[in-house]
Amino acid sequence: MTAAYPHARLRRTRAAAWSRALHRETMLTPADLIWPLFVTEGSGVEEPIASLPGVSRWSFDGIAERAREAVTLGIPCLALFPNTQPGRRSEDGREALNPENLMCQAIRAIRDAVGDGVGILTDVALDPYTSHGQDGLIDEAGYVLNDRTVEVLVGQSLNQAAAGADIIAPSDMMDGRIGAIRAALEDEGYANIQIMAYAAKYASAFYGPFRDAVGSRGLLKGDKKTYQMDPGNSEEALREVALDLAEGADSVMVKPGLPYLDIVRRVKERFEVPVFAYQVSGEYAMIEAAAAAGAGDRDALVLETLLAFKRAGCSGVLTYHAAHAARLLT
Ligand SMILES: NCc1[nH]cc(CCC(=O)O)c1CC(=O)O
Ligand SMILES: [Mg+2]
């Protein structure tokens, strides 16, 4: 044991700004951020999303512009989510396999704009492409079929890989998809494409604004509780992570973020692998609403919450505040 009061005074090192800087254990930099972007059709289009104030869907030219901004801001990675046109959504989500879908075109627009100046993370799941808003194929009763969905997810992953994705990020929570996708990537010569597995993704009430952004909120009947995790579970998250790592994931994701930092910590301590968190749409909206209501300073709320992810053990955070935070940090 070290000295006790009055020899030990923890306030000593807090007394001056220089000393607080010197003793700070955790740092947040723009390199810790992944910036999610919503893609829509057309050109010169910016569609604000009402439930995500400050976030818009962009057509390819706008996506390319955001990529240039990311390079300037030092944000290393973009995550893409499409708002598929209603006419291209179907029961089986086959638009996910179209080499000309919004995701693939956005990948190419980013490459044309900045080359490999940013990493491109692509979401694998069928919800932006299905007419029923579920992440996979369903039977007559509406149950999401695991193994048949995995086959489609493999095709979706290869489609994204061919378009130039750097990180394949399955967010669907089907069993066995990481192993199937990894095997297919190896077979097709994509040995260096990363997989970031949404390993512990919970059936959360915080996803509402995202479903508006990709246009699936009105389509979704029921919930996703037969595949996403129960918020009461923590041991199960470790099991999910163990399986995804064994199947070939390079890094794992915990989602949502702030209410699940205990999971981040347990995963980091147990596995010592790169762990990421997704500060989801409802969390973003909550911070924006709090700031708008005068309940706190927006910039301070943003930086404190993002720093908390780093302190909990995250290598990085997927956040809609990425660009704003990076501007505050540079
Ligand atoms: N594959 C679905 C998916 N991918 C990312 C999010 C939510 C992200 C957010 O709320 O920001 C969701 C929503 C869901 O599971 O219904
Ligand atoms: Mg799993």
Side-chain angles (χ1 to χ4, degrees), residues 34-38 49 51-52 54-55 57 79-84 93 96 103 121-130 132-136 144 146-147 149-150 152-153 156-157 168-182 195-231 233 236-249 252-260 267 276-288 317-322:
I34 301 174
W35 186 7
L37 296 172
F38 295 106
I49 301 151
S51 57
L52 271 180
V55 178
R57 304 183 197 98
L80 297 176
F81 299 96
N83 183 308
T84 306
M103 186 82 104
L121 179 152
T122 55
D123 194 75
V124 170
L126 298 184
D127 54 311
Y129 312 93
T130 53
H132 44 73
Q134 292 289 358
D135 290 25
V144 175
N146 193 85
D147 300 6
T149 297
V150 170
V152 184
L153 299 177
Q156 179 181 23
S157 301
I168 302 287
S171 70
D172 56 284
M173 288 300 278
M174 298 303 112
D175 287 319
R177 89 283 203 218
I178 299 300
I181 292 167
R182 176 56 80 204
I195 299 177
M196 183 185 293
Y198 287 74
K201 174 172 176 178
Y202 288 85
S204 170
F206 285 98
Y207 303 151
F210 174 94
R211 292 177 188 168
D212 290 334
V214 300
S216 67
R217 170 128 62 178
L219 303 173
L220 184 66
K221 289 171 210 74
D223 55 46
K224 301 190 178 183
K225 291 179 182 171
T226 70
Y227 48 107
Q228 299 179 351
M229 279 182 56
D230 188 301
N233 295 358
E236 189 188 358
L238 301 181
R239 231 177 140 193
E240 285 282 6
V241 168
L243 288 170
D244 285 357
L245 292 171
E247 290 176 29
V252 293
M253 177 95 87
V254 172
K255 176 183 175 184
L258 224 46
Y260 294 83
V267 169
F276 292 82
Y278 196 143
Q279 185 184 47
V280 300
S281 57
E283 298 178 66
Y284 172 94
M286 218 161 57
I287 291 170
E288 291 299 309
V317 194
L318 212 153
T319 173
Y320 301 96
H321 280 123

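Here the structure is a predicted model, which is why all the values come from computation and not from measurement. Just so you know, ligand 1 is whichever comes first in the structure, and atom 1 is the first atom listed for that ligand.
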Closest N/O/S atom of Glu240 to the Mg ion (ligand 2), by atom name?
OE1
Backbone of Pro128 reached by a side-chain donor or acceptor of Thr84 within 3.5 Å
yes
When you measure from the side chain of Arg57 to the backbone N and O of Asn83, does any donor-acceptor pair fall under 3.5 Å?
no
Minimum side-chain heavy-atom gap [X]-[Y] below 4.5 Å:
X      : Y      : result
Tyr284 : Leu52  : yes
Lys201 : Tyr278 : no
Asp135 : Gln228 : yes
Pro256 : Tyr207 : yes
Leu258 : Phe206 : no
Ser171 : Met253 : no

[X] neighbourhood, listing ligand 1 atoms whose heavy-atom distance to it stays under 4.0 Å:
X      : result
Ser281 : 9 (C), 10 (O), 11 (O)
Asp135 : 1 (N), 2 (C)
Gln228 : 14 (C), 15 (O)
Phe206 : 10 (O)
Ala125 : 1 (N)

Looking only at protein heavy atoms, which one is nearest to [atom], and how far off is it?
atom                    : value
atom 11 (O) of ligand 1 : Tyr320 OH, 2.6 Å
atom 7 (C) of ligand 1  : Lys255 NZ, 3.2 Å
atom 3 (C) of ligand 1  : Lys201 NZ, 3.1 Å
atom 14 (C) of ligand 1 : Lys224 NZ, 3.3 Å

When you measure from atom 2 (C) of ligand 1 to each heavy atom in Asp212, Leu126, Asp127, Leu318, which option holds the nearest one?
Asp127
Per atom 8 (C) of ligand 1, closest listed option by heavy atom (Phe81, Tyr284, Tyr227, Phe210)
Phe210
Mutual orientation of the aromatic rings belonging to Phe38 and Tyr320 [parallel < 30°, tilted 30-60°, perpendicular > 60°]:
parallel
Should Tyr198 be counted as touching ligand 1, given the test is an N or O pair under 3.5 Å?
no
With respect to the Mg ion (ligand 2), please indicate if Asp244 possesses an N, O or S atom at a distance under 2.8 Å.
no
